[in-house]
Structures are given as structure tokens and as C-alpha cells.
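Before I ask anything, here is the structure I am working with.
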Number of protein chains: 2
Amino acid sequence: MTDTTVRTGAAPTLHDVAREAGVSLATASRVLNGSNRKVAEAYRERVQAAADRLGYTANISAQAIARGTSATVALLVADIADPYFGQIASGVAHAADEAGLIVTIAMTERDPAREVALVRTLRGQRPRGIVLAASRDTASDTDALSAEIAAVQSVGGRIVTLGAALPGTRVVAYENEAGARALAGRLAALGYREAVVLAGPEGLRTSDDRLAGFTQGFADGGGEVTQVVRGSISRDAGYEAMSELLSAGLAPGTLVFGISDVVAIGAISAIRDAGREPGADLAVAGFDDIVTGRDVTPGLTTVHLPLEELGAQALRAAVDPDWTPPEPVSLEVLLRDSTPPRA
Amino acid sequence: MTDTTVRTGAAPTLHDVAREAGVSLATASRVLNGSNRKVAEAYRERVQAAADRLGYTANISAQAIARGTSATVALLVADIADPYFGQIASGVAHAADEAGLIVTIAMTERDPAREVALVRTLRGQRPRGIVLAASRDTASDTDALSAEIAAVQSVGGRIVTLGAALPGTRVVAYENEAGARALAGRLAALGYREAVVLAGPEGLRTSDDRLAGFTQGFADGGGEVTQVVRGSISRDAGYEAMSELLSAGLAPGTLVFGISDVVAIGAISAIRDAGREPGADLAVAGFDDIVTGRDVTPGLTTVHLPLEELGAQALRAAVDPDWTPPEPVSLEVLLRDSTPPRA
DNA sequence: CTGTGTCGTTCTCGGTTTGTA
DNA sequence: TTACAAACCGAGAACGACACA
């Protein structure tokens, strides 16, 4: 593809560049990669030219091992196809790009054991940091995870948990409970008095916090949570849970709170498919403010989370040596047509 | 966290394990990582125990350089927050997990120059393969990218393009043109005669193919594409393009074809926000079958793409030594309520 | 004494960095 | 002051050494 000889089976090494330029290994290293020592301009040019001619790119594995640190950050999400995690990943990737870091991604599929195994695998990469974005179970055996985390940290790797805090890690928090409380308050003020909640499995921090906040806020406003249905946090789980609720009968004017937007959106579809009308008939609210919430009908009432910004913050927490825990970002309630004021 | 001495600043190495177990480096290497050579059971156990005690994990950078190949695959997408790419990434990640590979991800942001730069950066990782999922521009300078691709391939790295084929790479194709033609045919059969297309920028392969297929299929069915509006491929671009079309005036019964589902969904929202009714008034169709298409109202007519499966296929193409190009997956038209039969 | 089977020594990978000329 | 030689990072693999049958 270039005018040089076609090389097969081996990438050009620093050795090749040095030989081509007629300088020593050390000199070539200094001009091509950072160094505090200086190099004469004439040499610099010759090396640069040779590198270009050969299409040289430093082997980052070799750099990592020689330098003792790898320009890498790992991101663990539950499911990258979920828009919640997609937007977070986008923020992480952006910030990583700015910091000149490569990000490796893995999916826990909401399995605690998988999460531990993945941290262990990723640890082999000696990453600068690991961002744990998949929300965690409070109940499940946290010891194995803690051990892996400690192992990463003892080597200088930083662990960042996004959302649910994990002891001994840097955490980028947002106020699930306060946000849900505020949401519930606003909805009670709109006249809602009965609510059912489509929650995640018991023990899941994010879900528990939101449920607690919502329940309290709604009670404070004079309403009551009459039912809590638990399932996984996904569109389909929301759809199914809602379908069952509907076949059991649900009074008009009831408010349905989906523990996250994807759940709420599944619920809206279930309501419609059951021949009822989302909105005035059965109101629905979510949490996260994923983009889709604007495009469903009626527009989904939710709590805005700056997902990309949170992802970016998480990455910075993973790499910034003198990072200090920021104030938890406070959340904003977005009232849309899925929860019209009750007459 | 364990009962051993707390080590700071250095991960346990194979050396440490070997010393701890009282065996040689080679022996430790043999039991902890793959090897065809055998090792006595007594030794095996001692090494295993020592490794566990120390919390040893092989430094994959060191492995990569020693073995000459890194258990890594790179994935390039335009924007990981886009559900289209999110689902593909999910498929890639799943398949990579099965193959015991780590996947690094990067976003091109639809910038050809960035794409070249990223391939170059990722090349430093000496990945087993690179999956190029971001659709490419036919016009733009393809030479720089070709050079980088050739560089990867000359070292044994495999390049896989998903969707738009790139010469000299393994390609996982799907039939954009045929799919769009089939879609247009079905819609014409429903009675639509006038259509406008919200397309991507000129030169973007995926967009061009779908546009061509749709135009032809619609003409074959007796219809006519009266207008093509170009913009980027995103929800917001679809929304804006549609808004402009609407303010210029659009006759009821016109069909709007969004070059992808996200565009079409943006268009639906624009139609509704303009006070018109998506469906019977202005019909909308998309392409991709992202999950959101089921949840918008009316349900979005589209062409089904097995996105996760395509991602998985792409990964297999990147790692399977004896891979043969599969038949391009044929696509299925999904008629939903956004395109009701015309009376 | 020779063959078989394990283990250890040593060189290697591609860079970085120190001491030194 | 600047460039070079050599040691080093963590792991893999060829090859030699040794024990045992």
C-alpha cells in the first residue's frame, strides 16, 4: 500500500526505525515517544521520517510493560444495548479520548459472579482505572468483589463506582432517593393519590433507593403506594409486569412508576396493547431521561440524569490523581404528558 | 484483604508465584497458562495454591508481547449511544466473551479523519482484529484508511467491515438495497404513491444504498419519490428535517421514509409536534428495527436487522482463521401502524 | 546404557530508562 | 549537552539437564 517493501508477519519495531534512521534505540524512543531528554533536530527529523516511511506505531503492550502502566481504562456495564448504559459509555469514551486513553468494555449481564470474573480478567490488563457502572446488589456476596477491587487498587488502579457507592472506591453519585422523592412530590401535587411501582429485584441499590424515595415523597404528598411489583430492569420486564397488573385490574387514574425509563416505556406499551390509554387513564413516570422518553407517546415524565456527563465524570475520577468527590449531581424532574394533572 | 502481606505498587508477577511455590518460572508458567507440556500434580497444586494466595493474574500486556498476539479485538462505532450501534456492540461483546477476548471500543463520531486516527491508535494494541461498524463515506479520502488497514493486516490482524464493504476486508453484509426495495414495494402495495426520503449525507454508502433501493422499489410499485432531504443520521436530524418539510407543506397521505429508525422516530415526533398525525395523515417508515420502534406510537414500520447477530458474526469474522463469507443476511419487512393501508 | 518424561536455564518479545562516554 | 550500550519490565518457549525406568 506504500512504496516500501511489503512486510509480512511482523510490525515494524522501534529497532527497525532506529536502524532505518541510523540512530540508536534510545534516541528513536525519545523522539517518537515522550521524554524529558532532548534530541538534536537533525536526528529528530531523520527518526520521524523513518517512522513515517515504515508506518511505525508503538506497541502499546510493550510500552505498558516497560512503563509499568497501561494507557487503558475498563468499563463495566450491565448491558451496552441498554440506552442508559449506552449514554454513560458515550460519556466515558469521550472523556477517555480526550485523556488519550483506550477504553475496554465488558458486560456483566447483571450477574454478580460475572462481574467479579470480569474485574479479575480486566485486572490482567493493569488498567489505570475501572469504572463499575452496572448497579450492584447489596445482598449478594460482596467479598469476592472487594478482594478483586483491593487487588486492583494495590497496584495503583483506581476503581470508580457510578451510582451505587461501593466502600473504598471513588464514587460518582447521583441522588436517586432525593430525585425519586421530588418526582413523587410533584406527581402528588398533580393530584395523584394511588401508585404502583415497577421495581427491580430486591436488594438492587439503585432500585431500592428510588423506591424508598418515591414511596416517602408520595406519602408526604398525601398519596399511597399500593403495590410494588418486582422484575428485572428492562423494557420487556416492564411490559410483562404491567400486563399482569392490568389483567388483575387497575383503576383509572392510578400512577405507574417505572424504576427506570426503559421499564416505564415497556409499561406504556403494555397499557396501550391492553386497550387502555397511557396518560389520563393510567399515568406513567420513569427515571433516567433516556432520549427515547421524548419520542414515545405520551411523552414520558421522568427525572433527568446527565448520563453522558456522569460517564465523563467517572472517567475523570478514574484517572485524575488529585480527584475530590464532587457534590452528588442533583436531579431535575421533567413533567411530560404521561402524567397529566388530574382533574 | 487477604492474609498475606499487603503489597503496594506492584502486582504479583509470575516470578513471585514461582518463588512462593518453590518452583521455576517455566513450571509456574506451564501450570497457570496454557501449555502442551505436562507438569506433575504435586507441583501443579503448589503453584495453583501460591497463585491463589497471591491473587496472581497474568499481565496480559506481557503475554501479548511474549506470544506475539494479543487477546484483544477493537470495535469502531460512530456513536455508542445510538441504539443501532449499541445493539451491534452487544453482539460483538457477547461473542468476544465466548472467545475469551477483550474488546476495546472507540467512537468515530462519523469523522473519517478520526476513524483513520483511531485505527492507527488501536493498531498499537496489535489486536487480533478490528471491526469497523461505522458506516463509511464513499467519497472521502479512502487512501489513508486503506494504508492503515493494510498495516493491520500485514501483521496478521483482521479487518471486518460491517455493512458497507471495504475492499480487501472481511465483510459482514446485509442487503440494504434489497431490503429497502422490498419495503418500498410493500408500501406501494398499501396504496402509497408519494414519498419523501430523509437521507444521510450524500456518499454515505448505507444511506445511498437504501435510498436507491427504496426509490426503485417504490417506482416499480407505481409510486414516486418526490423529495430527498439530506442530513446526518440521528434522531435530531430527522426531527429537524421533518420540521422543515412540514413548514413547507406536505400533503396528507404522503409517505416519509427515514433512512434509519432513529431518523424516522425523530420525524414522527416532529410530525406530532407540528400538530399533525403520524400514521394515516403522514405515514412513516424506517430501517433497522431498533427496539424503540415498537414503543413509539404508532408502531414504526421498518426493515428488521438482526443487529446483535450481525455484531456476533462480525466478531467471529475477526477471529476465525478459516472464515468464509456467509450469505448476506436477507432482511424482513415489518409493517406496523405507522404505515396503515391507504383507503 | 539409552530412552522417556519433567523441570529449570536462558534467550526472546518491543519498548523504556539508567549510567556512561 | 547529547547519543549510545546495557539492564530491565513480565511473560513465553526452545533447549539443555537431570532422574528414573
Side-chain angles (χ1 to χ4, degrees), chain A residues 7 9-48 50-51 54-72 123-127 155-157, chain B residues 7 9-47 50-51 54-72 123-127 151 155-157:
Chain A
R7 42 181 72 255
T13 78
L14 194 57
H15 258 106
D16 298 331
V17 176
R19 183 164 3 93
E20 175 89 9
V23 302
S24 80
L25 240 181
T27 304
S29 173
R30 284 198 261 273
V31 3
L32 293 178
N33 312 305
S35 172
N36 24 11
R37 314 273 287 249
K38 286 175 185 174
V39 136
E41 194 55 32
Y43 283 81
R44 173 175 301 281
E45 284 169 11
R46 269 168 52 195
V47 172
Q48 210 34 281
L54 265 42
Y56 170 78
T57 296
N59 182 323
I60 71 165
S61 290
Q63 282 190 326
I65 170 180
R67 294 212 248 247
T69 166
S70 81
T72 296
R123 178 153 74 84
Q125 229 183 16
R126 306 288 185 270
V155 193
Chain B
R7 44 180 72 253
T13 76
L14 194 57
H15 260 105
D16 298 331
V17 176
R19 183 163 5 92
E20 174 88 8
V23 302
S24 78
L25 239 179
T27 304
S29 175
R30 287 198 261 266
V31 2
L32 292 177
N33 311 306
S35 172
N36 22 12
R37 315 281 286 255
K38 287 176 185 174
V39 108
E41 195 55 33
Y43 281 79
R44 174 174 301 280
E45 283 170 11
R46 269 167 55 195
V47 172
L54 265 41
Y56 170 78
T57 297
N59 183 322
I60 70 166
S61 290
Q63 283 189 326
I65 169 180
R67 292 211 247 249
T69 167
S70 81
T72 295
R123 177 152 74 84
Q125 228 182 20
R126 305 289 185 271
V155 193

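Residue numbering restarts at 1 for every chain, and letters A, B, ... go by the order of the sequence lines.
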Handout entry: From CZ (A:Arg19) to OG1 (A:Thr13), nearest 0.5 Å
Key = 7.0 Å

Practice task
Starting at atom NZ of B:Lys38, determine the distance to atom C1' of C:dT6, rounded to an integer number of angstrom.
Solution key: 11 Å

Exercise for the section: Determine the minimum heavy-atom distance between A:Ala50 and A:Glu20, stating which atoms define it. Expected result: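 Between these two residues, the closest heavy atoms are CB-CG, 3.5 Å.
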
Practice task
Compare all side-chain heavy atoms of B:Arg126 with those of B:Thr69 and state whether any distance is below 4.5 angstrom.
Solution key: no

Exercise for the section: May I ask you to verify if any side-chain N or O of B:Ser29 is less than 4.0 angstrom from the OP1 or OP2 atom of D:dA11? Expected result: no

Handout entry: B:Ser24 side chain near C:dG8 phosphate (N/O to OP1/OP2, under 4.0 Å)
Key =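 Answer yes for this pair, as a side-chain N or O of B:Ser24 is under 4.0 Å from OP1 or OP2.
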
Completion exercise
Closest to the 5' end of DNA chain C, once B:Arg126 and B:Val39 are matched to their nearest nucleotides, is B:Val39

Handout entry: Protein-nucleotide distance (A:Leu54, atom CG; C:dG14, atom C1'), rounded to Å
Key = 15 Å

Exercise for the section: Mind calculating the distance between CZ (B:Arg44) and P (C:dT6) to the nearest angstrom? Expected result: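 Checked: the CZ to P distance equals 11 Å.
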
Problem - Whole angstrom value for the distance that separates C1' of D:dG12 from CG of B:Asn59 - result: 13 Å

Handout entry: Closest non-hydrogen atom pair, B:Ala64 against B:Ser70
Key =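 Residues B:Ala64 and B:Ser70, closest heavy atoms: CB-CB, 3.7 Å.
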
Exercise for the section: Mind checking side-chain contact (heavy atoms from CB on, under 4.5 Å) for A:Tyr56 and listing every partner two or more places apart, or none if nothing turns up? Expected result: A:Leu14, A:Val17, A:Leu32, A:Ala51, A:Ala58

Problem - Atom pair distance, as rounded to whole Å: CD in A:Gln125 and P in D:dG10 - result: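 To the nearest whole Å, that distance equals 17 Å.
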
Exercise for the section: Please report the closest heavy-atom contact between A:Gly55 and A:Pro12, naming both atoms and the distance. Expected result: O-CG, 4.0 Å

Problem - A:Leu14 CG - D:dC8 P separation (whole Å) - result: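 Distance check: A:Leu14 CG to D:dC8 P gives 20 Å.
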
Exercise for the section: State whether the side chain of B:Thr27 and the backbone N or O of B:Val39 hold a donor-acceptor pair below 3.5 Å, judged by distance alone. Expected result: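 It does not hold such a pair.
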
Handout entry: Separation of atom CZ in A:Arg67 from atom C1' in D:dA7, rounded to whole Å
Key = 18 Å

Problem - Presence of B:Asn33 side-chain N/O under 4.0 Å of D:dA11 phosphate oxygens OP1/OP2 - result: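 B:Asn33 to D:dA11 OP1/OP2: no side-chain N or O under 4.0 Å.
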
Problem - Nearest-nucleotide 5' precedence on DNA chain D, A:Leu25 against A:Glu41 - result: A:Glu41

Please list each protein N or O that sits under 3.5 Å from an N or O in nucleotides 15-18 of chain D, with the distance.
| unit_1 | atom_1 | unit_2 | atom_2 | d |
| --- | --- | --- | --- | --- |
| D:dC15 | N4 | B:Arg37 | NH1 | 3.3 |
| D:dC15 | N4 | B:Arg37 | NH2 | 2.9 |

Exercise for the section: Indicate the atoms forming the closest heavy-atom contact of B:Val47 with B:Ala21, along with that distance. Expected result: CA-CB, 3.9 Å

Practice task
Answer yes or no: does a side-chain N or O of B:Gln63 lie under 4.0 Å from OP1 or OP2 of D:dA11?
Solution key: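 No.
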
Practice task
Tell me what B:Ala58 touches on the nucleic acid: a base, only sugar-phosphate, or nothing, going by heavy atoms under 4.0 Å.
Solution key: sugar-phosphate

Problem - B:Ile60 CD1 to D:dA11 P, straight-line distance once rounded to whole Å - result: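 Whole-Å distance recorded here is 11 Å.
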
Problem - Nearest-neighbour nucleotide for the A:Ala62 side chain, C:dG14, D:dA11, D:dA3 considered - result: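 Of the candidates, C:dG14 comes closest.
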
Problem - B:Tyr43 side-chain N/O to C:dG5 phosphate OP1/OP2 under 4.0 Å - result: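 No, no such contact exists.
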
Practice task
Answer with base, sugar-phosphate or nothing: what part of the nucleic acid does B:Ile65 contact at a heavy-atom distance below 4.0 Å?
Solution key: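 Base contact - B:Ile65 has a heavy atom under 4.0 Å of at least one base atom.
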
Practice task
Under 4.0 Å between any heavy atoms, over every strand shown, what does A:Thr57 touch: base, sugar-phosphate, or nothing? Just pick one.
Solution key: sugar-phosphate

Fill in the blank from the handout: By nearest-heavy-atom nucleotide on DNA chain C, the more 5' of B:Ala66 and B:Thr27 is B:Thr27

Practice task
Measure from the side-chain heavy atoms of A:Ala26 and tell me the nearest of C:dC7, C:dT16, D:dC4.
Solution key: D:dC4

